[in-house]
Structure formats: structure tokens, C-alpha cells
Amino acid sequence: MTDFIPAARPIIGEEERAAVDRVLLSGMVAQGPEVASFESEFSAHFVDGRPTVAVNSGTAGLHLGLLAAGVGPGDEVIVPSFTFAATANSVALTGATPVFADIEPETFTLDPAAVEAAITGRTRGILPVHLYGHPARMEELSALATRRGVELYEDAAQAHGAAIGQRPVGTFGAMAMFSLYPTKNMTSGEGGMVVLADAETARQVRLLRNQGMERQYENEVIGFNARMTDIHAAIGRVQLTKVDAWTAARRANAAFLDAHLRGVVVPHVAADATHVYHQYTIRVPEDRDGLVRALKEEYSVGSGVYYPIPNHRLPSLASFAPDLELPETERAAREVLSLPVHPSLTQDHLDRIVHAVNTLAAAGS
Ligand SMILES: *Cc1c(COP(=O)(O)O)cnc(C)c1O
């Protein structure tokens, strides 16, 4: 009777299909002119023209970006534990140690005081995550990084277009990464963009992306194959022309939910912050998992828990942080629930989400 409302839904239209066809017909599908155009268009659109390098995933982007920034064995990089595992994985893959710091409860992003307490003589940098599309406290973290002589990086995987005042995320750090995975605010199928503060580090990322080569068969360093294809870049270039309208729709959907939800804690937006609502994440202090089930079974409303297990409790990463306690991280992992906010929601969908959450929240309290 009622259609199921999914938690996320990538939008891929006729224009994307035509762009792929154009590349396929050209016969040149590997990294080429589409990738170069996508890099410069993405850079102009989101990061004020900073040097930008396309790679085949966001994770590869963080990994190569950290390597190019000089992160390696013996270094520590401070990260949140309340994020997708790719953040800490990328640090660990360089041979450095991820050091987990707690988040602030309002925005779920790194708490600058917790970061400062985690700095040691081995700290090389700080890697905040603009979680759910809300910018981390970049002004405080930037001042802290300068004062303590460490670098600042950015995991902007979920935050295309987010800003603090007039300054977009991706322009605060020495290195920043945007993901282009299908559920992110825009996609190229798979892909990532690495943004660098200077041209020389960007050249290092380009070398690492392509077996260490700038000129064919003159390999300068030991590198990876992390190239983006022209097929993916062509999809991304079309999405770039649509992403602002999608972000506006996400923000309008969030404003409607803010105005109408009752009995739950709606997302906080810091003064001066532009939130791009990759996720619309509420807190449900009692029986969150019961609410997930009831939304799905009784109201056909999808929802998601990002993320149920803090990184420092994962089998893969726990050895970096034995006995660590991060109270706000653990509380968030128990309480968060992301409701659909994606641009393809209709007014009927929004009304149904509000009705379902309000009815269940009232029954539960
Ligand atoms: C999606 C995501 C990544 C990884 O990006 P991929 O393109 O999936 O490799 C890294 N960090 C965060 C916070 C993410 O959400």
C-alpha cells in the first residue's frame, strides 16, 4: 500500500547515462581528459580552486593524501572514533598510529579540548571528520594545530558544500578528502577527491595515484594504481551541475523535520555553520533499536545507525586503543538514528516520517 522510504537513494539520471555513453563511444575510458576537467570543476565549485586530485575512492584519497603529507611509521594522527572506519584505516595504512579522541555531544564532531589532551611528542596531525555534513570546529582546531606545531587534515567525505561562515570545508587543512561513493551527497560511482594546500603535495598525490609516474615509465617513487576512470569522471561532472539543488533540497527537508518532529532531539547546527545534511541524525535516548524496527515494520520508513560500534571497539582497530573510554562517543553510538533526508523525498514522504516518529516517540515516553 505505502511505498517504503529508503534511508538513502542515489539519483542517477539521463544526463549521467548520456555522459557515460559519450566516453564509451570515444574509446578512451582510462584516466584522461574527463578526469582532468572533473578535477578543475570540482575544485572551483567546492574549494576555491585549491589543487585537487581525483582518485578511485575516498579511502584511497585519504591514504594517499596522508602519505603525500609525510605521515608514516612513528607518527600519531588524532581522529574521532565516532566515524566510518575508513578514517582510522587510512592512518593505519600509512604505518602511523590512529589516536582516538572524544566528540562533542551537540554536533558529533571532534572536541578540541579532547584533541588537545591527546597530543603527544609524536603527534603529526589532526584528522577531524565533518560528520553527517556538519563542519567540525575547524577554527579552534586550526588555532590548536598552529599553537602545538601539528598539521590539520580533513575527512570531508560527507560534507560537499559545508562551510563555516563563508569558508568551505576542504580549505582549512593541509589535505582534505571528499568521497564520491553512491550514498554521498554526489557520486561518480566510486571515487574520491583529494584537496591539497600546495601544488607540490598535489604532485606527490598524483605520483602516488599512478605508480609514481608523471612521465610514462619514469617512475619517481613507489606508487599505487588509484586512478579514476574517465567513465566515472563523466558521471561526476554531471552530478556536479546538480549537487547544489540537491543540497538545497536536503536543507529544506531538514528544516521541515526540525519544525515538525516532537519528542526527539533534532540535529544541532553550530552558529556560523552550513550543514549539508548528508544525514539527518536525531538522538533517541531510550530503545533506539526498537524505534528502528517499528519505523520499518509499522510505517515503511527506513532509517540508519551511523555508526553502531565506535572505531576503538572494532576488532580491526581496538588494538590501537586498549582500555580507552570515550563516553560521548559511546553514548552517541547507542543513541543516534538517521532519518531519510535525501533530495528525492516527496512532501508525502516527509509527512509520513513526521507522523511515524512522533507517534512512536509519544508511545514510548
Ligand atoms: C564514505 C566515507 C569514507 C570513505 O570513502 P569511500 O569513497 O567509501 O572510500 C571515509 N570517511 C567517511 C567519514 C566516510 O563517510
Side-chain angles (χ1 to χ4, degrees), residues 7-8 10 35 38 42 46 52-67 71 77-94 98 100-101 103 107-110 125-136 138 153-162 169-170 172-173 175-195 205 208-209 224-229 232-233 235-236 239 243 250 275-281 304-312 314 316-317 329 332-333 336 338 341-342:
V35 170
F38 187 27
F42 188 98
F46 286 123
T52 298
V53 183
V55 290
N56 58 3
S57 76
T59 306
L62 269 186
H63 181 201
L64 271 51
L66 291 169
L67 286 173
V71 174
V77 176
I78 299 171
V79 294
S81 171
F82 191 61
T83 173
F84 185 50
T87 313
N89 284 351
S90 307
V91 173
L93 286 169
T94 69
F100 298 107
I103 52 170
T107 64
F108 306 103
T109 63
L110 271 183
I126 308 167
L127 174 55
V129 178
H130 307 302
L131 197 71
Y132 306 142
H134 188 291
M138 298 311 284
Y153 314 119
E154 299 178 64
D155 182 337
Q158 307 184 352
H160 313 67
V169 304
F172 290 88
M175 184 279 294
M177 177 280 289
F178 293 83
S179 168
L180 299 165
Y181 184 73
T183 59
K184 302 294 158 78
N185 288 26
M186 62 173 283
T187 185
S188 57
E190 288 270 12
M193 286 288 184
V194 195
V195 177
V205 176
L208 290 170
R209 165 177 76 176
F224 300 80
N225 173 359
R227 296 181 301 261
M228 178 181 280
T229 72
H232 294 87
I235 297 170
Q239 295 254 314
V243 66
R250 286 177 182 276
H275 192 335
V276 295
Y277 294 99
H278 171 60
Q279 300 293 348
Y280 182 92
T281 304
V305 173
Y306 313 105
Y307 298 87
I309 307 174
N311 285 190
H312 72 287
L314 291 172
S316 54
L317 291 165
T329 293
V336 291
S338 298
V341 74
H342 50 83

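Just the heavy atoms: all of them, side chains too, but no hydrogens, waters or symmetry mates, feed the values below. Every number for a ligand or one of its atoms is a count from 1 in the order of the listing.
- A search for side-chain contact (heavy atoms from CB on, under 4.5 Å) contacts involving Thr329 returns Ser81, Phe82, Asp102, Ile103, Pro310, His312, Leu326, not counting sequence neighbours.
- In this structure, CG in Leu64 is found 8.5 Å from CG in Asn56, a value given to the nearest 0.5 Å.
- Between His134 and Tyr277, the ring centre distance reaches or exceeds 6.0 Å.
- Judged by distance alone, the side chain of Thr83 and the main-chain N or O of Pro80 form no donor-acceptor pair under 3.5 Å.
- Take Arg250 and apply the salt bridge (charged side-chain N to carboxylate O under 4.0 Å, His left out) test, not counting sequence neighbours, and it matches no residue.
- Protein residues are said to neighbour a ligand when one of their heavy atoms lies under 4.0 Å from it; for ligand 1 these are Ser57, Gly58, Thr59, Thr83, Phe84, Ala86, Thr87, Val129, Asp155, Ala157, Gln158, Met177, Ser179, Tyr181, Lys184, Gly191, Tyr307.
- The side-chain contact (heavy atoms from CB on, under 4.5 Å) search around Tyr306 returns Ala7, Tyr132, Gln279, Ser338, not counting sequence neighbours.
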